[in-house]
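So the structure is just underneath, and the comments pick up after that.
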Amino acid sequence: MTRINAISKFAGTPSFAWGKNISAILFAALLIVCSITVGCSTDKPKPANSTSQIAVTPNPISPVASSQPAPMPEPTKPATKKVVKKRPATVTYTDKTYGVSFDYPRRYAIETGDAANDLVASSPLPLNFVQPGGIALAAVELPETSYANTDFSSAFFNVSVHKALSADQCGEFSVPAPKPTPVSDSSAQPASPSTSEPQGSKLMLGEMELRGTEAVSGEGTRQSDAKYFHVFQNGACYEFALNVTTTAREEAGMKHVDRDKVFARLEQILATVKINPITPASEEGTTPAASEKPATPATEAPASTVTANTPAASAPQEPAVTPTAPQTAPQ
């Protein structure tokens with residue numbers, strides 16, 4: 001019994017002490033765990049609540065979700081077309097010295113100055129003033145191919161001026177020659193051209209009254225027909241001539257050209273003629289005295305210009321015009 005109690009006593013004492021140590025160790029461990037737990041809990045973020053604001057990175061707004069309409073793409077500009085300027089169908093001739101102007105088709109040829117004088121001089125029917133001394137200012141010629149497969153040879157419209165004629169003399173023509181006035185007494189003198197009645201027909205061109213006549217000349221197979229018109233303006237006599245020449249040829253399919261249609265083209269040019277007032281450069285009388293010599297072409301130097309007129313959409317085509325040939329007054 002004594003042995004057993006001793007063992008018990010020996011065993012019981014350490015057991016009690018070990019129990020206290022374990023409790024202390026457990027308590028200390030619990031404190032360490034609690035301290036670690038509390039420390040960790042303080043490092044953790046606070047839970048979100050309704051009052052806390054959460055920073056949210058804004059996402060880009062897509063065009064579909066946006067309340068504003070998407071910008072419309074800019075319309076594509078059409079390619080700029082290069083504007084091609086077309087040449088005018090007609091051209092305006094202007095002579096500043098004598099104030100005369102007219103329009104003519106661009107495809108017609110024009111001669112001025114000495115070239116115009118040469119062209120008129122080569123015609124079977126040249127200038128038709130009652131006295132020599134006139135000069136040609138300009139001559140417009142139709143293309144030679146205007147009337148193919150016909151006996152058409154040439155046609156031109158020309159403007160001439162004579163500064164040494166009176167108003168009465170301007171109404172006279174050298175071809176055909178004015179009829180002489182019959183006299184009853186051998187001592188009586190025939191009336192002068194200035195007092196005789198102007199010959200030919202009349203044509204109104206705007207406010208201008210033109211005197212007209214027609215002359216035909218033929219030589220062999222060549223025939224020339226010309227219409228002349230005179231008007232007195234700016235102290236000078238203006239002449240407008242329309243000439244058509246044909247040449248007969250023995251060729252297959254050759255036809256006679258319609259002269260009236262050719263004259264109609266030339267009359268279209270005549271219808272555009274204008275004569276503007278001019279200021280004389282000197283105090284010389286418009287009606288020359290009997291002793292004065294008529295001016296010669298060598299002393300004249302008219303200043304003329306050719307300018308483009310209204311543009312056209314295509315190459316000019318001459319419309320068919322009913323001829324308006326002047327009616328000849330009864331002789």
Side-chain angles (χ1 to χ4, degrees), residues 91 93 95 97-98 100 102 104-148 150-165 172-177 200 212-230 236-249 251 254 256-270 273 294-304 306 318 325:
V91 180
Y93 166 85
D95 188 293
T97 302
Y98 297 100
V100 62
F102 60 84
Y104 66 95
R106 176 178 291 278
R107 64 191 186 95
Y108 291 5
I110 186 170
E111 301 290 351
T112 59
D114 294 338
N117 280 285
D118 294 340
L119 178 62
V120 175
S122 63
S123 171
L125 296 174
L127 302 184
N128 200 0
F129 294 110
V130 71
Q131 292 182 5
I135 60 171
L137 302 180
V140 177
E141 187 173 10
L142 271 67
E144 296 181 358
T145 58
S146 298
Y147 300 91
T150 66
D151 58 354
F152 174 80
S153 178
S154 65
F156 63 87
F157 167 87
N158 75 280
V159 180
S160 305
V161 66
H162 200 311
K163 296 177 63 178
L165 295 180
E172 299 288 341
F173 300 91
S174 59
V175 179
T213 189
E214 186 171 0
V216 179
S217 173
E219 182 178 351
T221 58
R222 184 180 178 88
Q223 185 175 3
S224 183
D225 189 0
K227 297 179 181 180
Y228 296 93
F229 299 93
H230 286 182
C237 183
Y238 293 79
E239 178 178 274
F240 307 98
L242 291 65
N243 184 282
V244 177
T245 301
T246 58
T247 302
R249 295 184 294 270
E251 297 181 8
M254 184 65 62
H256 295 289
V257 69
D258 190 338
R259 292 173 179 265
D260 292 337
K261 290 184 178 181
V262 183
F263 274 116
R265 289 191 177 188
L266 300 176
E267 288 168 1
Q268 289 178 357
I269 303 176
L270 177 63
V273 169
T296 59
T299 60
E300 301 292 341
S304 60
V306 178
E318 295 300 323

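Throughout, numbering of the chain's residues begins at 1 and tracks the sequence. All heavy atoms count here, side chains included; hydrogens, waters and symmetry mates do not.
For Asp118, there are no side chain to side chain contact (heavy atoms under 4.5 Å, CB included) partners, not counting sequence neighbours. Taking the side chain to side chain donor-acceptor pair (under 3.5 Å) definition, one finds that Asp225 meets it with nothing, sequence neighbours left out. Qualifying side chain to side chain contact (heavy atoms under 4.5 Å, CB included) partners for Asp151, counting only residues two or more places apart in sequence or in other chains: Thr246, His256, Val257. Every residue meeting the side chain to side chain contact (heavy atoms under 4.5 Å, CB included) condition with Thr221, not counting sequence neighbours, appears here in chain and number order: Thr247, Ala248. Not counting sequence neighbours, the partners of Thr245 by the side chain to side chain donor-acceptor pair (under 3.5 Å) test are Ser224, Asn243. In this view, Phe157 and Phe102 satisfy the ring pair (Phe, Tyr, Trp, His ring centres under 6.0 Å) rule, not counting sequence neighbours. Here Tyr238 pairs with Asn234 under the side chain to side chain donor-acceptor pair (under 3.5 Å) rule; sequence neighbours left out.
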Show your working on side chain to side chain contact (heavy atoms under 4.5 Å, CB included) between Ser154 and Glu144 and close with a plain yes or no.
CA-CA 6 Å; Ser154 65; Glu144 296 181 358; over 6 Å; no
Evaluation steps, side chain to side chain contact (heavy atoms under 4.5 Å, CB included), between Leu242 and Glu267
CA-CA 8 Å; Leu242 291 65; Glu267 288 168 1; 3.6 Å; yes
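In this structure, the separation between CG on Leu127 and CZ on Phe173 is 12.5 Å, given to the nearest 0.5 Å. Separating the CD atom in Glu172 from the SG atom in Cys237 is a distance of 10.5 Å, to the nearest 0.5 Å. The structure places CG of Leu266 at 9.0 Å from NZ of Lys227, a figure rounded to the nearest 0.5 Å. Taking OH from Tyr228 and OG from Ser160, the interatomic distance works out to 9.0 Å, rounded to the nearest 0.5 Å. In this structure, NE2 in His162 is found 6.0 Å from CD in Gln131, a value given to the nearest 0.5 Å. Here the straight-line distance linking atom CD of Gln223 with atom OG of Ser217 works out to 8.5 Å at 0.5 Å rounding.
No side-chain donor-acceptor contact under 3.5 Å links Glu141 to the backbone of Tyr108.
Contact of the Asn158 side chain with the Leu119 side chain is not registered, since no non-hydrogen atoms from C-beta on lie closer than 4.5 Å. Side-chain atoms of Phe156 and Ile110, non-hydrogen and from C-beta on, never get closer than 4.5 Å to each other. For the pair Val159/Glu239, no side-chain contact is recorded, criterion being any heavy-atom separation below 4.5 Å from C-beta on. When side chains are defined from C-beta on, Tyr98 counts as touching Lys163, because their heavy atoms get closer than 4.5 Å.
Minimum heavy-atom separation, Ala236 to Val161: CB-CG2, 3.8 Å. Scanning both residues, Asn117 and Ala136, for their nearest heavy atoms gives OD1-N, 3.1 Å.
Residues His230 and Phe129 place their aromatic rings such that the two centres sit under 6.0 Å apart.
For the side-chain contact (heavy atoms from CB on, under 4.5 Å) with Tyr93, the lone residue among Ile269, Leu137, Val140 that qualifies is Leu137.
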